[in-house]
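Step one of this worksheet: look at the structure below.
Predicted model, so just to flag it, every value in this text is computed and none were measured.
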Amino acid sequence: MTAGEKAAKIVEYADDMKAVDIESLDVHEKTSITSYMVVCTGTSDTHANAIIERVREKMREEGVRPSRRDATTGGWLLLDYGDVILHVMLEERRQFYDLETLWSTMRVDPSLQ
């Protein structure tokens, strides 16, 4: 499965769980750590956990397992699939960190082209 296909599946599964404002960010020309970041909002800690668990379960059915699951200090959960990273955040965290603006304004890294 390509990184783009993986990101599309993650978006689909997060949407199945009613994640809010799902964004798929293609960052492969800006960083070597991943190709895509999927960012979405959960309406509560319980909702965010349900999104993470659903994505993990459905991706496992596809034969894809995360290399890591991480929970930061409240309001931000992460599943790392290597070439795709899923960020599920509560609204306050998402507004504060504003990953979409950070990555959209970052310059392309010439060494990655």
Side-chain angles (χ1 to χ4, degrees):
M1 182 180 306
T2 68
E5 293 168 336
K6 202 180 291 183
K9 291 277 187 189
I10 289 170
V11 167
E12 176 187 340
Y13 301 143
D15 187 53
D16 287 348
M17 293 301 294
K18 308 295 187 219
V20 179
D21 296 327
I22 305 167
E23 296 283 336
S24 180
L25 312 172
D26 181 347
V27 297
H28 80 276
E29 292 184 335
K30 298 178 180 186
T31 181
S32 61
I33 62 168
T34 193
S35 296
Y36 289 87
M37 291 190 189
V38 176
V39 182
C40 64
T41 301
T43 57
S44 67
D45 287 328
T46 302
H47 185 221
N49 278 311
I51 294 166
I52 286 286
E53 289 308 314
R54 173 68 170 196
V55 169
R56 187 162 60 173
E57 172 188 316
K58 296 301 280 182
M59 292 300 286
R60 187 179 310 127
E61 290 174 11
E62 298 279 346
V64 181
R65 295 183 184 273
S67 59
R68 169 179 105 146
R69 178 186 183 201
D70 194 17
T72 62
T73 55
W76 188 349
L77 303 171
L78 179 143
L79 281 177
D80 184 349
Y81 287 97
D83 52 1
V84 182
I85 299 173
L86 169 63
H87 300 270
V88 181
M89 308 168 93
L90 295 182
E91 185 63 34
E92 307 82 45
R93 290 277 182 195
R94 187 165 179 184
Q95 286 181 11
F96 182 80
Y97 288 101
D98 195 10
L99 296 179
E100 295 91 339
T101 300
L102 172 73
W103 286 101
S104 68
T105 59
M106 189 174 291
R107 292 187 197 151
V108 170
D109 183 343
S111 69
L112 297 174
Q113 294 183 344

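Taking Phe96 as the reference, nothing meets the ring-ring contact (aromatic ring centres under 6.0 Å, His included) condition, with sequence neighbours excluded. In this view, Thr101 and Asp98, Thr105 satisfy the side chain to side chain contact (heavy atoms under 4.5 Å, CB included) rule, not counting sequence neighbours. Scanning for salt bridge (charged side-chain N to carboxylate O under 4.0 Å, His left out) contacts around Glu57 gives an empty result, with sequence neighbours left out. Residues satisfying the side chain to side chain contact (heavy atoms under 4.5 Å, CB included) criterion with Ser24, sequence neighbours excluded, are Ala7, Val11, Tyr36, Val38. Lys9 is linked by a side chain to side chain contact (heavy atoms under 4.5 Å, CB included) to Met1, Glu12, Tyr13, Met59, Glu62, counting only residues two or more places apart in sequence or in another chain.
With rounding to the nearest 0.5 angstrom, the CG atom of Asp80 is 6.5 Å from the OG1 atom of Thr34. Within the model, atoms NZ of Lys18 and CZ of Arg54 stand 10.5 Å from one another, a figure rounded to the nearest 0.5 Å. To the nearest 0.5 Å, atoms CD (Glu53) and CG (Leu77) are separated by 9.0 Å.
In this structure, Leu99 and Leu25 approach most closely via the heavy-atom pair O-CD1, 4.2 Å. Arg56 and Pro66 get closest at one heavy-atom pair: CD-CG, 4.0 Å. For Gly82 against Ser67, the heavy-atom pair with the smallest separation is N-OG, 4.4 Å.
Counting only distance, with no hydrogens or angles, the side chain of Gln95 and the backbone of Glu92 share no donor-acceptor pair below 3.5 Å.
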Using residues 39-52 as the side-chain source, report each donor-acceptor pair under 3.5 Å to any protein atom, sequence neighbours left out, with the distance given to one decimal.
{"residue": "Thr41", "atom": "OG1", "partner": "Arg94", "partner atom": "NH1", "Å": "2.8"}
{"residue": "Thr43", "atom": "OG1", "partner": "His47", "partner atom": "ND1", "Å": "3.1"}
{"residue": "Ser44", "atom": "OG", "partner": "Thr46", "partner atom": "N", "Å": "3.4"}
{"residue": "Ser44", "atom": "OG", "partner": "His47", "partner atom": "N", "Å": "3.1"}
{"residue": "His47", "atom": "ND1", "partner": "Thr43", "partner atom": "N", "Å": "2.9"}
{"residue": "His47", "atom": "NE2", "partner": "Met17", "partner atom": "O", "Å": "2.8"}
{"residue": "Asn49", "atom": "OD1", "partner": "Arg69", "partner atom": "NH2", "Å": "3.0"}
{"residue": "Asn49", "atom": "ND2", "partner": "Asp45", "partner atom": "O", "Å": "3.1"}

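Contact annotation: the side chain of Thr31 approaches that of Trp103 to within less than 4.5 Å [non-hydrogen atoms, C-beta and beyond]. For the pair Ile85/Leu78, a side-chain contact is recorded, criterion being any heavy-atom separation below 4.5 Å from C-beta on. No side-chain heavy atom of Tyr97 sits less than 4.5 Å from a side-chain heavy atom of Leu102.
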Q. After noting the C-alpha distance and the side-chain angles of Met37 and Val84, does the key distance pass the side-chain contact (heavy atoms from CB on, under 4.5 Å) rule?
A. CA-CA 6 Å; Met37 291 190 189; Val84 182; over 6 Å; no

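A single hydrophobic cluster is not seen to contain both Val20 and Leu79; linkage of ILVMFWY side chains at heavy-atom distances under 4.5 Å, directly or through other members, places them apart. A single hydrophobic cluster is seen to contain both Val27 and Met89, as judged by linkage of ILVMFWY side chains at heavy-atom distances under 4.5 Å, directly or through other members.
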